[in-house]
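Just so it is clear, the model here is predicted, and its values are computed rather than measured.
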Amino acid sequence: MSTPDTSQFGPVQLLVLQPTPFCNLDCDYCYLPDRSDRTRLSFELLEKALERVLESPFFDGGFTLLWHAGEPLTMPIAFYDEATQRIQRVLERHGLPPSTVVQSLQTNATVIDGAWCDCFERNDIHVGVSMDGPAFLHDAHRVTRTGRPTHAAVMRGIDWLQRREIPFEVICVLTADGLDHAEAMVDFFLEHGITDVGFNMEETEGENAQSSLDVAAAERSALESSYVAFMERVWRRSLEHPDDLCIREFEGITSLACSDARLGQTDMNTPFAIVNVDARGNVSTFDPELLSVKTEAYGDFAFGNVLTHRLEDLAANPKFQRVHSEIRSGVERCRSSCDYFGLCGGGAGSNKYWEHGSFDCSVTQHCRFRIQLVADVVLAGMERELGLNA
């Protein structure tokens, strides 16, 4: 297989670094394997990962460094202080300003306190919080390793962020048991001043071999109706509180609709728009969810290691070429067959693979819920607001 033309790859928008695979929680829908693995990313690997991005033809001026794929706050505060200094030294060697790299992390927030808030502030780290709304929904799935509920600890962490006026976004996983509770969900976010929320559907992915949203064909219509009803209620409530609640999915689709813009691809299916590096230096691209998981068909989805491979070298890796070819073919299937293509750009390869066993396919349950049904709700809602359906 010949090396593909890399001129259309990148630019790097996101560098996902796994500080550790370890997590202090045991959420029942988590896709990550080896969550008991306490391996830690070395500073040598951190610097090498940065060098690989900055020296590559895919670097184009700036990117976000996301600490993810494990619980980042199981690492000590001193790690992030040192990491920030290392990042700045690497940038200085390349003659680049500090603003070139924006640090962010995704956390379960259970250990956030004043000292962590100090760390976020002095290192200018943006914060995303994973939590699932009211306690009765959150604690049904997000528990400690001994099965204890975590909602109270998460809310203490959120309270610290709010008292210190540190902005944060919430990612809320929607499971089947949450679809009947749109009112409780919105009431909870409004009551607690949580203004920026994104909904992730529970996915069949990695270690989570079956989502609660995987139902028999005879039950699918009822499930989709429940989901649409949930989103319609959240849409109406968000319109009632436009300054108090921003829903990621609604914002993305309304922005595309109002600007008449459409997506031709997405960072999830564009090589080296996202670069993923695990705690051992193994590197991949495409969806971060592909890193660190193993499959019968491909083994893992690592295409090299930052200690020994430049990013452009990965394009010659036969496994990368196979995955890239299949992802590209799958995107073209979506482009030619799906009326919603301009809203998703061909979707995420990980969802296609975990749901269908191949990247070379089109519609998934994930895109059905995350894009198609949400788009129907949003566009119908916009028409009502504009009086176009009278």
Run the salt-bridge test on [X] and [Y] with the 4.0 Å N-O cut-off and return the result as yes or no.
| X | Y | result |
| --- | --- | --- |
| Glu326 | Arg322 | yes |
| Arg35 | Glu71 | no |
| Arg237 | Asp187 | yes |
| Glu92 | Arg89 | no |

Taking the six-membered ring for Trp, are the ring centroids of [X] and [Y] within less than 6.0 Å of each other?
| X | Y | result |
| --- | --- | --- |
| His241 | Phe189 | no |
| Trp354 | Tyr31 | no |
| Phe188 | His138 | no |

If you compare all heavy atoms of [X] against all heavy atoms of [Y], which two are closest, and at what distance to 0.1 Å?
| X | Y | result |
| --- | --- | --- |
| Ala279 | Pro19 | CB-O, 4.3 Å |
| Phe341 | Gly264 | CZ-O, 3.5 Å |
| Val277 | Ala49 | CG2-CB, 4.2 Å |
| Lys352 | Cys361 | NZ-O, 3.0 Å |
| Val129 | Ala109 | CG1-CB, 3.8 Å |

(Q) Under the criterion side chain to side chain contact (heavy atoms under 4.5 Å, CB included), I'd like the reasoning laid out for Ile112 against Cys117: C-alpha separation, chi angles, the key distance, then a yes or no. (A) CA-CA 7 Å; Ile112 291 178; Cys117 289; 4.1 Å; yes
Would you say that [X] contacts [Y] through its side chain, given a criterion of any heavy-atom pair below 4.5 Å between the two side chains?
| X | Y | value |
| --- | --- | --- |
| Asp81 | Arg122 | yes |
| Phe59 | Leu311 | no |
| Leu41 | Trp67 | yes |
| Asn276 | Val283 | no |
| Gln106 | Ser130 | yes |
| Phe230 | Met185 | yes |
| Leu223 | Leu179 | yes |

State whether the number of non-hydrogen atoms from other residues, nucleotides or ligands found under 6.0 Å of [X] atom [atom1] is greater than 12.
| X | atom1 | value |
| --- | --- | --- |
| Glu44 | CD | no |
| Glu240 | CD | yes |
| Arg148 | CZ | no |
| Arg236 | CZ | no |

Using the rule that two of Ile, Leu, Val, Met, Phe, Trp, Tyr join whenever any of their side-chain heavy atoms come within less than 4.5 Å, decide whether [X] and [Y] are in one cluster.
| X | Y | result |
| --- | --- | --- |
| Ile194 | Leu239 | yes |
| Ile253 | Met268 | no |
| Ile125 | Ile166 | yes |
| Leu91 | Phe58 | yes |
| Leu66 | Leu54 | no |

(Q) Can you see whether Thr110 engages Asn24 through a side-chain donor-acceptor pair at a distance of less than 3.5 angstrom? (A)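 Short answer, yes.
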[X]: which residues meet the side chain to side chain donor-acceptor pair (under 3.5 Å) condition with it, sequence neighbours left out?
| X | result |
| --- | --- |
| Glu55 | Arg52 |
| Thr84 | Gln103, Asn123 |
| Asn351 | Glu203, His366 |

By ring-ring contact (aromatic ring centres under 6.0 Å, His included) - contacts of [X] (at least two apart):
| X | answer |
| --- | --- |
| His141 | Tyr29 |
| Tyr298 | Phe301, Tyr353, Phe359 |
| Trp160 | none |
| Tyr227 | Phe369 |

Would you list the atom pairs, donor with acceptor, under 3.5 Å between side chains in residues 167-174 and any protein atom, with sequence neighbours excluded?
none

Q. How far apart are the C-alpha atoms of Glu82 and Arg86, what are their side-chain angles, what is the distance that settles it, and do they pass the salt bridge (Lys or Arg N to Asp or Glu O under 4.0 Å) test?
A. CA-CA 6 Å; Glu82 178 68 17; Arg86 300 280 185 132; 2.7 Å; yes
Q) Going through the distances and angles, do Thr39 and Phe22 end up as a side chain to side chain contact (heavy atoms under 4.5 Å, CB included)? A) CA-CA 7 Å; Thr39 300; Phe22 181 75; over 6 Å; no
Q. Do side-chain atoms of Asp139 reach the backbone of Thr150 as a donor and acceptor pair under 3.5 angstrom?
A.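 Judged by distance alone, yes, a pair lies under 3.5 Å.
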Interatomic distance, [X] atom [atom1] to [Y] atom [atom2] [nearest 0.5 angstrom]:
| X | Y | atom1 | atom2 | answer |
| --- | --- | --- | --- | --- |
| Lys48 | His309 | NZ | NE2 | 12.5 Å |
| Asp244 | Thr195 | CG | OG1 | 8.0 Å |
| Leu256 | Cys344 | CG | SG | 10.5 Å |

Q.
The test is ring pair (Phe, Tyr, Trp, His ring centres under 6.0 Å); show your working for Phe272 and Phe320 and say whether it passes.
A. CA-CA 11 Å; Phe272 303 105; Phe320 165 83; 5.7 Å; yes
Q: Please list, chain by chain and in numerical order, all residues satisfying salt bridge (charged side-chain N to carboxylate O under 4.0 Å, His left out) with Asp196, sequence neighbours excluded.
A: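 Result, salt bridge (charged side-chain N to carboxylate O under 4.0 Å, His left out) vs Asp196: none returned.
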**Q.** For Arg368, all residues meeting salt bridge (charged side-chain N to carboxylate O under 4.0 Å, His left out), sequence neighbours excluded
**A.**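 Listed in chain order: Glu224.
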Q: Show the numbers, then the answer: is there a side chain to side chain contact (heavy atoms under 4.5 Å, CB included) between Val377 and Leu373?
A: CA-CA 6 Å; Val377 169; Leu373 296 178; 5.8 Å; no
Q: Would you sort out whether His324 and Phe9 count as a side chain to side chain contact (heavy atoms under 4.5 Å, CB included), showing the intermediate values?
A: CA-CA 11 Å; His324 176 230; Phe9 293 178; 3.7 Å; yes
**Q.** Qualifying salt bridge (charged side-chain N to carboxylate O under 4.0 Å, His left out) pairs, either residue in residues 93-111, two or more places apart
**A.**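 Pairs touching residues 93-111 that pass the test: Glu47-Arg93, Glu51-Arg93.
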Q | All pairs passing salt bridge (charged side-chain N to carboxylate O under 4.0 Å, His left out) where residues 269-289 contributes a residue, at least two apart | A |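 Sorted pair list: Asp37-Arg280.
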Q. How far apart are the C-alpha atoms of Arg156 and Asp113, what are their side-chain angles, what is the distance that settles it, and do they pass the salt bridge (Lys or Arg N to Asp or Glu O under 4.0 Å) test?
A. CA-CA 8 Å; Arg156 283 194 297 271; Asp113 58 11; over 6 Å; no
